[in-house]
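Heads up, the thing below is written out as C-alpha cells.
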Amino acid sequence: MSRAGAWRLGILGGAVALLELLCRLGAIKKITMIPPSEMALALGRLMAGPAMWPHAAKTFGNVAWAFLIAVLAGATIGVVLHALPGLRRALDPWLATWYAVPVFVFYPLFIVLFGMGDAPIIAIAFLFSVAAMTIATLDGLGRIPRVLRKTARVHRLTPIERALRIDLPSAFPYLLTGVKLALAYAFIGVIASEFILSGFGLGHEISFAYNNFDNRTMYGLMLFLLTAVVLINLVVQRIERRELRRRGR
Amino acid sequence: MKRRALDMLLVSVALVVLWQALHWRVGEEGLASPAATLRQIGEELESPRFWRHVAETAIAFGWALLYSAGGGLVLGLWFGFRRLAGEVAEPVLTAFASLPKVTLYPIMLLVFGLGLPAKVAFGAIHGIVPVVLFSMAAVRNLAPVLTRTARVLRLDARTTALTVLLPAALPEIVSGLRIGFSLTLLGVLIGEMFAAKRGLGFLIMNAIGLNDSGTIMTVATLLFAFAALANAALLALDRHLHHRGD
C-alpha cells in the first residue's frame, strides 16, 4: 500500500474509533448519534430483514432510469449543439447556470404532466443529471485535435465512419467523465426527491425514521445507501482509469 | 457583444414561449402563466413578509458561502502545497463530492438542532468540496519555481499562501468558487425545504403542499434570476482572469 493510502486508512480508522469512543463515553448523546459499531449492526439487521429491499429496489431502479435517459439525451443534445455552433453559443450561458435552478420546484408540474408515481422523480433526477452529460459531450467533441479531423477528410470518411472511428474514441475520456457525473447527479436527484417529496424509497425511509426518532434504522439505512453509492462510484472510477491507461494518458 | 445580447434575448423569448405553451397544456393548477408570475413577482417584491423570507435565506446562504469558500480555500491551498496531505485527502474528497448529501441532513439536524446553524452547515458541506478540489489542483499545477522560491525566501505558511499561492492560482480558484456558489445555494434551499419554518425553501415547500403554482414559479424565477446574475458575474471574472496573461 502507498504511504498516502496508509495515512488515509489510519485517519479514517482513527476517526471511526474516536466516534465510537465518544459515543460510548456519552460525550455524544444517544439521541444524536449511535456508536459506529451499532450502525453496522443495524445495517446487518436491515439487510437480513425483508423491509428495506423493496425501497432499495425502487430507489436504485429510479436512479438507473434517470441515469440512462440522461446519458442518452445528454450525448444527443451535445452532438446536436456541437453541429450547430450558433445555437450552442446562445445556450452556453444557460448550461453554465443550470445547476443554480432548484429543479425540485417542478415536482407539482411533473405530477400534472406525468401523474403520480415514479415518473416525476425520474424526471427531476433526469433534469439534474442531463446537463452534466451535455457539457461533457460538448467538451469532448470540442477537443478533438484538428489533425484528426483533417485526416478524416483526407481519407474521405463518411460522417458515420468519422463519428465511429475518430469522434467517439477521441472524445471518450470526456464522455466517461460525463457518465460519472450523470450517475452522481441521478443519485442526488432521486434521493433528494424521495426525501422531501415522495412517500417511498430509501430517501423517504431515512426521513421517516428521522421524524420518528428511530436512530437505529436511520443510521443503518444511511450506512447502506452511502456504502452502496461509494462502491458504485469506485467501480465507475476503476473503469475510467483503465480506459485512460489504455489510451496512454 | 451585440450578438451575445441578441442570443440571450432569443433564448429568453423561446423559454417564455415554452413556458406559456406548457401552461396552456397543464392549466393554472400545474403551472402559472408567465404573465401571472410576473404580476405576482411585482406584488411579492413589495410585501415585507416576502422580504423576511428572503432575508432568512440570504443570511443562511451568506454564512454557508463564507464557510465553504473560506474553508475550501484554506484546505485547498494546504492540500495543494503539502503533496502528501493532498494525496491522502483527494480520494476521500472525490468520493464525498458524489455522495447524495441529503442523506446526511438528519445528522446535521440532530447535531445542530433545527434552525440556522444546521442550514449553514448543510450549505457549506455542499459547496466546500469543489472549492477544495479546484484550489488544490491549481496549486499543484503551479510552476515549481514559485513554491521553491517561497521556500528559499523562508516565507511562513501565511505569507506563502497570501503572496505566492493565492495570486498565482486565482483563475482556477474562481472557477471552483463559481461551482461552489451554486452548490451552496442548492444545499441551503434543500435544507429549508426539508425542515424550516422560514426562508425561500420553506415558501416553495409550503406552496407545493398547497398546490399554489403561482408562488412556486415566483420564487423559482427570482432564485434563478439571482443565481444566473451571480453566475454570469463570476463567469466574467473567471474569463477575465484566465485571459489575463495572454
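Order of the sequence lines sets the chain letters (A, B, ...), proteins ahead of strands, with each chain counted from 1.
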- Message: Is there a side-chain contact (heavy atoms from CB on, under 4.5 Å) between A:Asn215 and B:Leu110? Walk through the geometry before answering.
- Response: CA-CA 10 Å; A:Asn215 267 2; B:Leu110 290 170; 3.8 Å; yes
- Message: So does B:Glu87 get a backbone contact from the side chain of A:Arg8, meaning a donor-acceptor N/O pair under 3.5 Å?
- Response: yes
Side-chain donor-acceptor pairs under 3.5 Å in residues 76-84 of chain B, sequence neighbours left out?
none

- Message: Quick check on B:Leu99 against chain A: is it the side chain, the backbone, both or neither that has a heavy atom closer than 4.5 Å?
- Response: both
- Flag side-chain contact, heavy atom, 4.5 Å: B:Pro91 against A:Gln237: no
- B:Leu22, part contacting chain A, at a heavy-atom distance under 4.5 Å: side chain
- Query: Do A:Thr32 and B:Phe112 have side chains that get closer than 4.5 Å, going by heavy atoms?
  - Reply: no
- Task: Answer whether the closest heavy-atom distance between the side chains of A:Phe106 and B:Ile216 falls below 4.5 Å.
- Result: no
- Message: Counting C-beta onward and ignoring hydrogens, is there a side-chain heavy-atom pair between B:Pro106 and A:Phe195 closer than 4.5 Å?
- Response: yes
- Counting heavy-atom pairs under 4.5 Å to chain B, which of A:Leu234, A:Leu226, A:Ile206 comes out on top? A:Leu226
- Between B:Thr215 and chain A, which part of the residue has a heavy atom less than 4.5 Å away: side chain, backbone, both or neither? neither
- Region of B:Thr103 that comes under 4.5 Å of a non-hydrogen atom in chain A: both
- Task: Would you mind reporting whether A:Arg3 and B:Val88 have side-chain heavy atoms less than 4.5 Å apart?
- Result: no
- Message: With heavy-atom distances below 4.5 Å as the criterion, would you say the side chains of A:Ile28 and B:Val111 are in contact?
- Response: no
- Item | Side chain, backbone, both or neither of B:Leu10 within contact of chain A (heavy atoms, under 4.5 Å) | neither
